[in-house]
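Counting starts at 1 for both ligands and their atoms, in listed order. Below, all heavy atoms of this structure are taken into account, side chains as well, without hydrogens, waters or symmetry copies.
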Amino acid sequence: MSSSSTIHFYLAAATLFFAALFHGPSPSHAQLSPTFYDRTCPQVTKIIRDVIYKELRTDIRIAASLNRLHFHDCFVNGCDGSLLLDNSPTIDSEKQSLGNNNSVRGFDVVDRMKSQLEKVCPGVVSCADILTIASQISVTLSGGPSWTNLLGRRDGLTASRALADENLPSPFDSLELLKQRFTKVGLNGDVDLVALSGAHTFGKARCLGFAHRLFNFSGQGAPDPTLNKSFLKKLQKICPQGGNGSVITDLDVTTPNAFDNAYFTNLKIGKGLLETDQILLSAPGADTADIVKKFSKNTFAFFEAFVLSMIRMGNLSVLTGNQGEIRLNCRVVNGPSTLSDDNLVSSI
Ligand code: HEM
Ligand SMILES: *[C@@H]1O[C@H](CO)[C@@H](O)[C@H](O)[C@H]1NC(C)=O
Ligand SMILES: *[C@@H]1O[C@H](CO)[C@@H](O)[C@H](O)[C@H]1NC(C)=O
Ligand SMILES: *[C@@H]1O[C@H](CO)[C@@H](O)[C@H](O)[C@H]1NC(C)=O
Ligand SMILES: *[C@@H]1O[C@H](CO)[C@@H](O)[C@H](O)[C@H]1NC(C)=O
């Protein structure tokens with residue numbers, strides 16, 4: 001994007017920051033801050049960017065995958081890195097939940113970011129913040145907007161597969177249910193829902209999430225009538241009846257790897273891949289349709305809204321101050337052996 005629009009996003013983020021300052025953070029509930037690691041880990045952004053940049057050379061999809069990790073983290077118990085925890089005697093991992101199992105990816109890449117960061121600034125950068133930063137850099141490197149991350153999240157001590165099953169949107173949800181899911185976590189069911197769904201401008205999805213649209217939609221013996229005919233033919237070849245539901249295809253058929261507004265221009269010609277994409281425009285009486293139309297005509301309006309919604313999403317139920325911990329390994333909560341000497345002394 002042009003340098004003037006980039007500046008605009010920095011200004012927008014700065015405005016939010018100063019608004020937060022004048023609101024007066026109470027010490028017990030510290031606020032996120034754009035300068036959080038300036039003294040303790042000034043290299044944090046560069047380290048994360050370098051890992052993504054290198055990974056993109058062999059896996060262009062990783063940008064989308066990292067962006068999705070932040071979303072699936074924030075929608076379950078807030079942005080607390082809970083998604084990254086593996087199964088253990090005390091953790092029922094969210095990775096095995098309905099929306100995540102065999103679907104979310106990029107955990108090894110997050111591990112590489114964390115281990116690099118532990119070498120340079122040990123015990124400083126939370127796994128939750130790594131997801132926030134990686135998500136933004138992935139969008140920016142893919143041609144989307146740039147913005148300033150609000151940082152200072154701490155990592156949670158728990159995960160909940162049940163809550164992940166309950167909260168994560170499914171590609172079979174109605175528009176009403178999508179709206180409910182967004183409002184339940186503290187986002188809104190119109191601009192946040194539409195702008196953040198625009199993340200489906202990159203990345204891939206498995207046949208099992210949209211195959212129900214292709215042959216016998218809602219038991220009507222015909223495909224989803226909102227699907228573009230040529231797009232339908234293409235998808236029927238990729239996902240034949242009785243075929244392998246794990247085969248993947250691009251969410252954005254027009255510019256699969258670029259972060260742009262093609263997701264919205266696709267919806268205008270019946271080329272939304274998921275039913276939950278197309279209904280934002282095509283559900284009868286959808287109040288989201290006007291927002292889709294606006295973003296399809298104006299990339300800048302989409303980028304501006306997307307940045308604000310990403311900041312709002314990144315703000316959901318964050319742990320700050322001395323809540324939670326800074327995990328040393330994103331896959332496990334810190335054990336007693338990771339307590340500092342001070343903690344050991346005071347716990348005796
Ligand atoms: C509105 C409700 C949403 C639904 C129903 C939904 C559903 C899905 C589904 C079914 C997939 C494909 C998963 C698979 O087949 O394995 C997917 C992929 C993806 N979603 Fe969403 N999603 C939603 C919102 C979001 C939001 C808010 C974001 C980010 C801000 C997002 C970012 C992504 C990305 C980037 C991918 C591609 C990931 C990859 O290629 O690894 N989605 N989504
Ligand atoms: C997750 O996927 C694996 C591999 O396909 C499968 O064995 C396992 O049963 C799945 N877990 C759940 C909870 O569905
Ligand atoms: C289904 O497709 C996935 C992804 O292409 C592949 O890894 C898997 O081996 C396939 N399974 C079968 C039974 O063909
Ligand atoms: C289907 O897609 C083509 C472009 O591939 C477009 O020209 C046509 O208008 C679309 N049909 C509908 C009904 O939107
Ligand atoms: C973030 O959340 C806090 C409360 O937790 C609120 O005071 C602040 O205004 C929020 N910031 C943004 C950008 O939504």
Side-chain angles (χ1 to χ4, degrees), residues 59-75 87 92-107 109 131-132 135-136 138-139 142 144 161-162 164-165 167-175 177-182 185 187 189 192-212 225-234 239 245-254 256-257 259 263 265-282 288 305-307 309-314 316:
D59 178 14
I60 188 83
R61 186 186 174 192
I62 196 64
S65 303
L66 290 169
N67 175 257
R68 188 169 183 231
L69 289 183
H70 184 44
F71 159 49
H72 281 204
D73 182 30
C74 294
F75 263 58
N87 271 327
D92 193 8
S93 178
E94 291 168 20
K95 293 176 186 180
Q96 269 81 48
S97 73
L98 299 170
N100 288 332
N101 201 25
N102 302 315
S103 182
V104 282
R105 59 195 290 280
F107 296 112
V109 180
L131 292 185
T132 306
S135 182
Q136 173 265 314
S138 293
V139 168
S142 304
R161 192 214 292 195
D165 284 341
N167 280 10
L168 292 176
S170 139
F172 312 110
D173 288 349
S174 65
L175 181 58
L177 186 50
L178 291 176
K179 286 169 174 290
Q180 275 175 33
R181 292 193 195 283
F182 272 65
V185 297
L187 296 172
D192 287 334
L193 172 60
V194 176
L196 292 173
S197 292
H200 291 172
T201 181
F202 60 176
K204 293 178 183 288
R206 292 168 299 166
C207 291
L208 53 82
F210 58 86
H212 67 287
T226 62
L227 265 169
N228 184 296
K229 293 289 177 292
S230 63
F231 188 47
L232 170 67
K233 285 214 175 70
K234 185 184 153 98
C239 313
S246 298
V247 169
I248 52 173
T249 193
D250 298 317
L251 278 158
D252 170 0
V253 66
T254 308
N257 303 310
F259 196 100
Y263 170 82
T265 53
N266 287 342
L267 295 183
K268 294 274 303 260
I269 52 171
K271 292 187 178 183
L273 183 66
L274 307 178
E275 187 186 351
T276 44
D277 293 325
Q278 195 63 50
I279 56 177
L280 298 176
L281 177 72
S282 307
T288 45
F306 184 78
V307 167
S309 294
M310 282 294 285
I311 293 172
R312 275 201 286 275
M313 186 175 83
L316 297 176

Where on [X] is there a heavy atom closer than 4.0 Å to ligand 1, on the side chain, on the backbone, on both, or on neither?
{"X": "Leu196", "result": "both"}
{"X": "Leu274", "result": "side chain"}
{"X": "Leu178", "result": "side chain"}
{"X": "Ile248", "result": "neither"}
{"X": "Leu251", "result": "side chain"}
{"X": "His200", "result": "side chain"}

Return the closest protein heavy atom for [atom] as residue, atom name and distance.
{"atom": "atom 10 (C) of ligand 1", "result": "Pro171 CG, 3.7 Å"}
{"atom": "atom 35 (C) of ligand 1", "result": "Ala64 O, 3.1 Å"}
{"atom": "atom 16 (O) of ligand 1", "result": "Ser103 OG, 2.5 Å"}
{"atom": "atom 1 (C) of ligand 1", "result": "Ser197 OG, 3.5 Å"}
{"atom": "atom 25 (C) of ligand 1", "result": "Phe71 CE2, 3.1 Å"}
{"atom": "atom 41 (O) of ligand 1", "result": "Ser65 OG, 2.6 Å"}
{"atom": "atom 9 (O) of ligand 4", "result": "Ile269 CG2, 4.5 Å"}
{"atom": "atom 13 (C) of ligand 2", "result": "Arg161 NH1, 3.3 Å"}
{"atom": "atom 4 (C) of ligand 1", "result": "Pro169 CB, 3.8 Å"}
{"atom": "atom 5 (O) of ligand 2", "result": "Asn102 ND2, 3.1 Å"}
{"atom": "atom 12 (C) of ligand 1", "result": "Ala205 CB, 3.4 Å"}

Close-contact set for ligand 4 against Lys271 heavy atoms, below 4.0 Å: 2 (O), 4 (C), 5 (O)

Do [X] and ligand 1 have an N or O pair less than 3.5 Å apart?
{"X": "Arg105", "answer": "no"}
{"X": "Ser170", "answer": "no"}
{"X": "Arg206", "answer": "yes"}

Is a side-chain donor or acceptor of [X] paired with a backbone partner of [Y] at a separation under 3.5 angstrom?
{"X": "Asp250", "Y": "Asp252", "result": "no"}
{"X": "Gln278", "Y": "Leu273", "result": "no"}
{"X": "Asp192", "Y": "Ser309", "result": "no"}
{"X": "Ser170", "Y": "Phe172", "result": "yes"}

When you compare ligand 2 with Asn101, is there at least one nitrogen or oxygen pair between them that comes in under 3.5 angstrom? yes

Taking atom [atom1] of [X] and atom [atom2] of [Y], what is their separation to the nearest 0.5 Å?
{"X": "Leu281", "Y": "Ile269", "atom1": "CG", "atom2": "CD1", "value": "11.5 Å"}
{"X": "Thr201", "Y": "Leu251", "atom1": "OG1", "atom2": "CG", "value": "9.0 Å"}
{"X": "His212", "Y": "Cys239", "atom1": "NE2", "atom2": "SG", "value": "11.5 Å"}
{"X": "Lys204", "Y": "Ser103", "atom1": "NZ", "atom2": "OG", "value": "13.5 Å"}
{"X": "Asn257", "Y": "Ile60", "atom1": "CG", "atom2": "CD1", "value": "4.5 Å"}
{"X": "Leu193", "Y": "Lys179", "atom1": "CG", "atom2": "NZ", "value": "6.5 Å"}

Can you name the atoms of ligand 1, numbered from 1 with element, that are less than 4.0 Å from a heavy atom of [X]?
{"X": "Asn67", "answer": "29 (C), 30 (C), 32 (C), 35 (C)"}
{"X": "Leu193", "answer": "1 (C)"}
{"X": "Gly203", "answer": "37 (C), 40 (O)"}
{"X": "Ala199", "answer": "28 (C), 29 (C), 30 (C), 31 (C), 32 (C), 35 (C)"}

Indicate whether any N or O donor in one side chain lies under 3.5 Å from an N or O acceptor in the other, for Asn266 and Thr254. yes

Taking the side chain as everything from C-beta on, heavy atoms only, tell me whether [X] gets closer than 4.5 Å to [Y].
{"X": "Val139", "Y": "Gln136", "value": "no"}
{"X": "Tyr263", "Y": "Ser197", "value": "yes"}
{"X": "Glu94", "Y": "Val104", "value": "no"}
{"X": "Asn67", "Y": "Ser135", "value": "yes"}
{"X": "Asn102", "Y": "Ser246", "value": "no"}
{"X": "Leu178", "Y": "Ile279", "value": "yes"}

Under a heavy-atom criterion of less than 4.0 Å, does Phe182 contact ligand 1? yes

Look at ligand 1 and say whether Thr276 reaches it with a heavy atom at a distance under 4.0 Å. yes

Is the shortest distance from a heavy atom of Lys229 to ligand 4 less than 4.0 Å? no

Could you name the option among Glu275, Met313, Arg61, Arg68 that has the heavy atom nearest to atom 34 (C) of ligand 1? Arg68

Indicate whether atom 7 (O) of ligand 4 is within a distance of less than 4.0 angstrom of some protein heavy atom. no

Taking the six-membered ring for Trp and the full ring for Phe, Tyr or His, determine whether the centres of Phe182 and Phe75 are under 6.0 Å apart. yes

Short N or O distance, Asn228 and ligand 4, threshold 3.5 Å exclusive: yes

